[in-house]
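Remarks on the structure that follows.
These values consider heavy atoms only, across backbone and side chains, with no hydrogens, waters or symmetry-generated copies. Lettering of chains follows the sequences in order, A, B, ..., and the numbering in each one begins at 1.
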Amino acid sequence: MHGPPPPVFGMNIGRVLGVWVAALFALWSLAPFLWQVQTSLRPDEYLARLPPLLPPRPTLAHYRAVLADPTFLRLVVNSLGVGAATTLASLLAGGFAAFALAQLPARGKGLVLGLTLSVSMLPAVALLAPLFLLVRALGLRDSWAALVLTHTTFTLPLTLWTLTHFFKEIPRELFHAARVDGLSAWQTFWSIHLPLSKGGIAACAILNFIFSWNEFLMALTFTTTDASRTVPVGVALFQGLHETPFGDIAAASVLVCLPVILLACLFQRGIVAGLTQGAVKG
Amino acid sequence: MRRSTATLWLGPALLLIAATAVFPIVVTFWMSLHRRFPIFGVNEYVGLANYVHLAQNPRFLRSAAVTLSFTLVSVAVEFALGLACALALRRDFRGHRWILAVLLIPWIVPTTVSARIWEWIYNGNFGLLNYLLLRLGVIAEPVVWTADVRLVLPAAMLAEIWKTTPFMTLLLLAGLKSIPQPLYRAAAVDGAGAWTTFLHVTWPQLKPMALVALLFRSLDSIRVFDVVYVLTGGGPAGSTETLSVFAYKKLFQSLEFGYGSAVGIAVLLLSAAVSALFLLCMGRLRPSSA
Amino acid sequence: MIRRAVLLLFLLPSACGKPKETLPSRPSDRVTIVFRHGRVSGFEAFFHQVIEGFEREHPSIHVAEEVMPWDSGQQHQLYAINLEGKSDAIDVMGLDIIWIAEFARAGWLMDLSPWFSADKQAKFLPATIRAATFQGGIYGVPWFTDAGLLYYRKDLLAKYGLGVPQTWPELIHAAQTVLRGENNPNLSGFLWQGKQYEGLMCDAMEFFGSNGVQVVGENGSWVMDRGRAEEALQLMVDLVYLHKVSPKLVLAADEEVARHVFSEGNALFLRNWPYVLGIFNKSDASIRQKVGLAPLPRFPGQPSVSTLGGWYLGVNRHSKHPQEAFLFAEYFTSFAVQKLLYERLSYLPTRSALYRDQDLLSRHPHLSLFEKILSNARPRPVSPFYMSLSEIFQTEISAALVRIKTPKQAIVDIEIQAKPILGRWR
């Protein structure tokens, strides 16, 4: 089903062009990050000196300063936990809802999808005070739960919309055949809809995890101690009263990105496999 | 599916949305109907007075204009770049999986960190951009990107585009990969060139996903805050003050909770209008089969 | 039966999910107070040690720290969210000098007059006490202070036989002489903070003040002299475009950007806070020997003015343990602790006695200069509406600096927007 297109002259040129374009984009994506990496290796005296392009005496002092902080590891654990929980919750809640929506008549579906968008309509700064009241009333201040709940909701619209789109593409015949075979809706969901939507699930999983990993405003407002603080807040905490230890901040941000980059690399096979999973039609 | 079962499946999502989205919207709207200054202990109901004042406030109108131009340009460029990238990655070539992982890096970098990286890249004295452009002979003397009113908004847009293009790329790639191969074969058999194939096979199949990606990026872009606030603080002279930055300053700097909430609701209305536009476009789509 | 009912009655509140914030005070002895402050990266253990010192002196009080990022805007936002709802979750707070009148007016701070008596206040620098006084009450204990000053390159001035400039014309002349003589495209004359942010307000108030301009009078009314303010703003603009002694970089510069350029040896004069000296002293850069400090220049015939910065310790009005909170605030601003904080963190002390402490002076001779500068330091307009005022000033001054408006127009627009704010609410 997915072999390379038949070798027509025009198509092969396209392939070569594609590789070059992809490589260019990779460079463009990597460059500022690499700049940050080289900044993190610069001794303090060289932080604001350009040229030289590369640090003449690379040092690990900034990394030592960051790792000497006993709480930093704790923050990474918090972020990983909150991110994983958010991704799972979002996929589940979104998946269940999408399952129902894919079968609802157009009007009801449009209403619910439109309502979901309301999550993304109010600026984050306006959400802070009301949500803080809610979090405090529920006694969730300084806990993972507050962040997981809010992050899950913010990632719901994308998950819901994407999965609804993928579920809708599943032919009705499959669905009816399953029902005829005696499968309940629940079983249909797990054995038919989910496996056939791996592409959407993969895309949403990555995007949602990264969203939760990077979210700052809510994390800053709802957390007060290292029990629940996440990594973006940790990076902000390096800032001094007047001083901005940019070397340390650079090292911290590189360390912050590494686990996620690692995850992306580890799972890139799975991500692409999921994305590659074509539609069933034809 | 029966109504009752549908409600069960929809339950968790709807509950979360009610608590985390609808509730704050209601509270914010309620606050926007008041003149509320904690500094004076004032909390009086004024109806729509805040909105009337907003409509005549040149600062609000300017921030709306800044936000709209920011959104239009960034989303358009992100879409073009994301599409080019997704098309390039559609075929399997050696190392394409690693390239995908690398492409995600801007999205992985936290927004506040990314804003700082670009702040230093744009620095007039020791910034990378000036260094490269001077070396390449493109400019004769260093440019202070974030202090020039003509350059500062494009500079912020570039930082934002760098950060968010992977989002587009990933979604568009997911959409592209789900286009059935037989469609391409049929087109090739009919002797269609690359552009015709794109126009008549790829694009129609991709449109639903593309519209989803565009919709979400637009809604995010309308609410842009971090990159602008860290890079410019809304300056110089308030020329990059987007609606979210304006709302933030009213809510948390001057502590005008009523007025700031009104700005928040204005953003909501703007987002709702944009969403309605997109929904209209999507409604006209019929699922196309081969 | 009755025992069970009573037991249930006690358990009920906790079953209802008491918010985690009110930490359970153990029956009878220990009281826990929460101290919220900015986090000093790399010095957490040191802070903890100092706090433990207090706990040893007062075994019945436990201090729980809650750290925040040092970004003033973020802290202001967090305080606003937490204190708006009359929360008792915080007892002692680190406050920026510019918030005190605002928080006091909002009813978020406790008036410390019952415990912070006049003779206790007398031990602190008078300017710091005045800045924390609002409508007859005192709302913060001065924790550490800050004032803007001029850094200069001794070697460059000596090379051209120039003295330390006392007035702005002298500074312009010195800078132009050196720039011409050195003919170094990387060298800047005078660096200051011109980006649109709170730092711009600090610098602007110094420029304005050095021309005898005051903004808010004793009774909270508008007293800004339009002509003089326009002159001062014109000077700021001219430094960049007419005299060309300040590079366009200053329009995007904050404290750190300006500091970095000066540290690289690429500037003759720098306006910044005392912390820069601490950085020079800690590094082994050659720049250290060549740097001198002086009060900021002034307009001829006017006094030199520095913006008074600094942080205070305040007590939450709704705190359940105000007395213990004040005891802690007093301890943390005591002579011994301030000395420690200065030596380790370069936090300028607020107690006058420390500026005469021979031990400290022998190791930090610059303290006497700092004291002189502090005596001429003026806080930014003390008003509950300071944040709104600052926003207006920042935008309009920035507009003049990037030449969207003339200084005359900017000053007029400032007055148009700021006067009603002061006038409408009393």
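When heavy atoms are compared at a cutoff of 4.5 Å, Leu149(A) approaches chain B by way of both its backbone and its side chain. For chain B, no part of Phe209(A) is nearby; none of its heavy atoms comes within less than 4.5 Å. Looking at Leu171(B), the atoms closer than 4.5 Å to chain A (heavy atoms on both sides) all sit in the side chain, from C-beta outward. Neither the backbone nor the side chain of Trp20(A) comes within less than 4.5 Å of any heavy atom of chain B. Heavy-atom distances place both the backbone and the side chain of Phe33(A) under 4.5 Å from chain B. Looking at Thr159(A), there are no atoms closer than 4.5 Å to chain B (heavy atoms on both sides), in backbone or side chain. Heavy atoms of Leu115(A) lying under 4.5 Å from chain B belong to its backbone as well as its side chain. Interface residue Val256(A): only side-chain heavy atoms are found under 4.5 Å from chain B. The part of Val235(A) that comes within reach of chain B is its side chain, from C-beta onward, which places non-hydrogen atoms under 4.5 angstrom from that chain.
Residue Leu131(A) holds its CG atom at 11.0 Å from CG of Leu217(A), rounded to the nearest 0.5 Å.
In this structure, Phe96(A) and Phe189(A) have tilted ring planes: the angle between them lies in the 30° to 60° band.
Of the residues considered (Val26(B), Leu8(B), Leu103(B), Leu219(B)), Leu103(B) shows the highest number of contacts with chain A, using heavy-atom pairs under 4.5 Å. Between chain A and the options Trp98(B), Trp118(B), Phe216(B), heavy-atom pairs under 4.5 Å are most frequent for Phe216(B).
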